[in-house]
Amino acid sequence: EPEVTQTPSHQVTQMGQEVILRCVPISNHLYFYWYRQILGQKVEFLVSFYNNEISEKSEIFDDQFSVERPDGSNFTLKIRSTKLEDSAMYFCASSAGQGGSNEKLFFGSGTQLSVL
Amino acid sequence: AQTVTQSQPEMSVQEAETVTLSCTYDTSENNYYLFWYKQPPSRQMILVIRQEAYKQQNATENRFSVNFQKAAKSFSLKISDSQLGDTAMYFCASPNFGNEKLTFGTGTRLTIIP
């Protein structure tokens with residue numbers, strides 16, 4: 001079965017540093033997402049991306065966050081100046097159609113971000 | 001706002017027994033999908049089963065089935081003949097129709113006891 005690939009699996013950074021989390025969605029998918037899960041809490045939506053632009057974002061996704069699809073295969077999440085509370089597992093996901101309402105959402109295995 | 005409620009933070013059953021995890025949700029839509037995701041200790045998110053709200057028949061995937069009560073907005077997951085590999089967090093999820101995001105419940109930690 002096709003997979004969503006995320007790298008790195010674990011990222012450690014100092015508070016205030018910039019981090020870029022990388023994802024390779026499934027090749028024929030059109031919708032891309034980032035979710036995050038703080039340890040012990042539920043999974044939360046961050047942002048959805050379609051046709052090279054953000055289609056929806058949550059309150060969590062403030063000006064410190066940005067997403068990009070720099071080429072035909074990668075989808076990245078950048079956190080400009082990390083805070084301690086950004087420590088979480090970040091999941092990338094993709095779907096062939098509009099995710100959630102009628103399509104299967106494929107998740108990557110996550111990047112654990114630890115901000116020190 | 002969309003809400004998804006899982007009222008059982010933790011459950012445990014003996015191997016080979018049947019267990020049911022509960023989920024209720026809130027939506028004003030008529031056509032939507034509901035999902036159960038499994039998160040093992042590796043923390044990967046794995047789709048277990050999905051239910052189409054406009055279908056009256058409950059979805060089934062091998063040992064996993066749902067009891068979908070549309071009027072009650074209830075969507076429980078039944079695991080039959082439970083196995084040690086079923087030990088995981090289980091999240092119920094519902095989409096916000098008209099946009100793309102999934103809203104997740106707080107999860108149920110299921111432990112299968114040998």
Side-chain angles (χ1 to χ4, degrees), chain A residues 1-6 9-10 23 26 29-51 53-61 67 88-114, chain B residues 1-10 21 23-55 59 61 64 75 88-109:
Chain A
E1 188 170 69
E3 288 184 348
V4 175
T5 306
Q6 287 186 246
S9 57
H10 197 174
C23 169
I26 293 170
H29 283 185
L30 301 175
Y31 293 81
F32 314 113
Y33 313 84
W34 285 99
Y35 286 79
R36 81 168 185 191
Q37 184 185 33
I38 295 171
L39 186 63
Q41 298 186 23
K42 64 180 179 180
V43 179
E44 300 173 291
F45 169 81
L46 289 178
V47 66
S48 58
F49 191 87
Y50 170 71
N51 200 25
E53 61 183 20
I54 291 173
S55 48
E56 188 180 358
K57 60 183 180 180
S58 72
E59 294 173 353
I60 303 167
F61 194 88
V67 289
M89 178 73 91
Y90 288 81
F91 291 101
C92 175
S94 69
S95 66
Q98 189 172 20
S101 61
N102 58 11
E103 286 291 340
K104 182 176 175 179
L105 206 59
F106 289 81
F107 281 88
S109 52
T111 293
Q112 176 64 51
L113 176 65
S114 300
Chain B
Q2 190 84 359
T3 57
V4 178
T5 303
Q6 293 180 252
S7 58
Q8 304 149 312
E10 293 189 26
L21 311 181
C23 172
T24 58
Y25 61 95
D26 179 27
T27 182
S28 57
E29 302 296 333
N30 283 320
N31 294 327
Y32 50 90
Y33 283 62
L34 298 163
F35 305 86
W36 277 98
Y37 281 89
K38 170 184 177 181
Q39 188 179 44
S42 66
R43 297 190 72 184
Q44 189 173 3
M45 293 292 287
I46 302 166
L47 179 65
V48 174
I49 197 166
R50 70 174 183 172
Q51 172 75 41
E52 302 170 49
Y54 60 85
K55 285 191 176 179
E61 290 283 346
F64 298 88
F75 179 57
M89 282 288 286
Y90 286 81
F91 292 97
C92 177
S94 168
N96 284 14
F97 194 82
N99 54 44
E100 293 90 27
K101 72 175 183 180
L102 281 180
T103 299
F104 285 82
T106 50
T108 296
R109 183 177 302 281

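Every chain is numbered from 1, with letters handed out A, B, ... down the list of sequences.
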Region of A:Gln112 in contact with chain B, defined by heavy-atom distances below 4.5 Å: side chain
Side-chain (A:Tyr35) to main-chain (B:Leu102) donor-acceptor, under 3.5 angstrom: yes
A:Val43 vs B:Tyr37, side chain to side chain contact (heavy atoms under 4.5 Å, CB included): CA-CA, chis, key distance, verdict: CA-CA 11 Å; A:Val43 179; B:Tyr37 281 89; over 6 Å; no
Nearest-0.5 Å distance that lies between atom CD in A:Gln37 and atom CZ in B:Arg43: 4.5 Å
Interatomic distance, A:Phe107 atom CZ to B:Ile46 atom CD1 [nearest 0.5 angstrom]: 11.5 Å
Exceeds 12 heavy-atom contacts within 6.0 angstrom, atom CD of B:Glu52: yes
Contacting moiety of B:Gln39, where chain A heavy atoms sit under 4.5 Å: side chain
